[in-house]
Amino acid sequence: MFKKIFAVLTALMVLFTAAGCSEADKVNQNISQQAEYFQSERRVTVWNARTDNVIMYIEGYINISNNSTDELVVTAKLGENSYKVNYVYLNDYTLYVVEDISGTHTDPYHYKLYFNTNVLPEVELKP
């Protein structure tokens with residue numbers, strides 16, 4: 001008798017748990033997993049929210065994560081066994097957006113890193 005009740009309760013728990021997962025949840029999980037294995041091309045754009053300027057953007061087959069020192073860790077796949085890691089310090093005025101841009105390039109090791117040169121300080125040269 002106990003085994004039957006336990007089996008019914010277990011089946012109900014599985015049914016309710018599965019019913020709580022929407023199609024969007026499943027798609028988001030699949031896309032996140034693809035990004036972890038460098039299977040989707042993405043673009044990370046970093047802004048300075050105080051000046052409303054784009055500081056930089058990184059494009060390629062990349063994975064992102066955050067570390068314990070308030071940095072965005074961007075890992076790019078450059079070749080079969082070649083990777084590059086970039087760190088973006090995040091503070092109250094720095095924000096970023098990640099876009100999925102898969103399908104725009106045929107090169108699986110495509111990687112670009114751009115800096116906005118308009119935000120660099122002016123330098124005075126003296127002879």
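These numbers come from a predicted model, not from an experiment. Only heavy atoms go into these numbers, but all of them, side chains included; no hydrogens, no water, no symmetry mates.
- Closest of all the heavy-atom pairs between Ser40 and Asp100 is CB-OD1, 4.1 Å.
- Heavy atoms of other residues, nucleotides or ligands lying less than 6.0 angstrom from CD of Gln29 number 12 at most.
- Put simply, the side chain of Asn91 gets close to the backbone of Tyr93: a donor and an acceptor are under 3.5 Å apart.
- Here CD1 of Ile64 is found 10.0 Å from CD1 of Ile58. Values are rounded to the nearest 0.5 Å.
- The OG1 atom of Thr94 sits 12.5 Å away from the CH2 atom of Trp47 when rounded to the nearest 0.5 Å.
- With sequence neighbours left out, Tyr96 forms a ring-ring contact (aromatic ring centres under 6.0 Å, His included) with no residue at all.
- Considering all non-hydrogen atoms of both residues, Phe38 and Tyr61 come closest at CD2-O, 3.3 Å.
- Taking every heavy atom of both residues into account, Ala76 and Ile62 meet most closely at CB-CG2, 3.5 Å.
- Separation of atoms CD (Gln34) and CG (Asn63) is listed at 12.5 Å; rounding is to 0.5 Å.
- Among residues two or more places apart in sequence or in another chain, the side-chain contact (heavy atoms from CB on, under 4.5 Å) test is passed with Glu71 by Asn67, Thr69, Tyr87, Tyr89.
- Residues passing the side-chain contact (heavy atoms from CB on, under 4.5 Å) test with Gln33, sequence neighbours excluded: Tyr37.
- To the nearest 0.5 angstrom, Leu72 atom CG is 11.0 Å from Leu95 atom CG.
- At least one side-chain heavy atom of Val88 sits less than 4.5 Å from a side-chain heavy atom of Met56.
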Taking it one step at a time, do Asn66 and Leu90 satisfy side-chain contact (heavy atoms from CB on, under 4.5 Å)? CA-CA 9 Å; Asn66 293 95; Leu90 302 174; 3.5 Å; yes
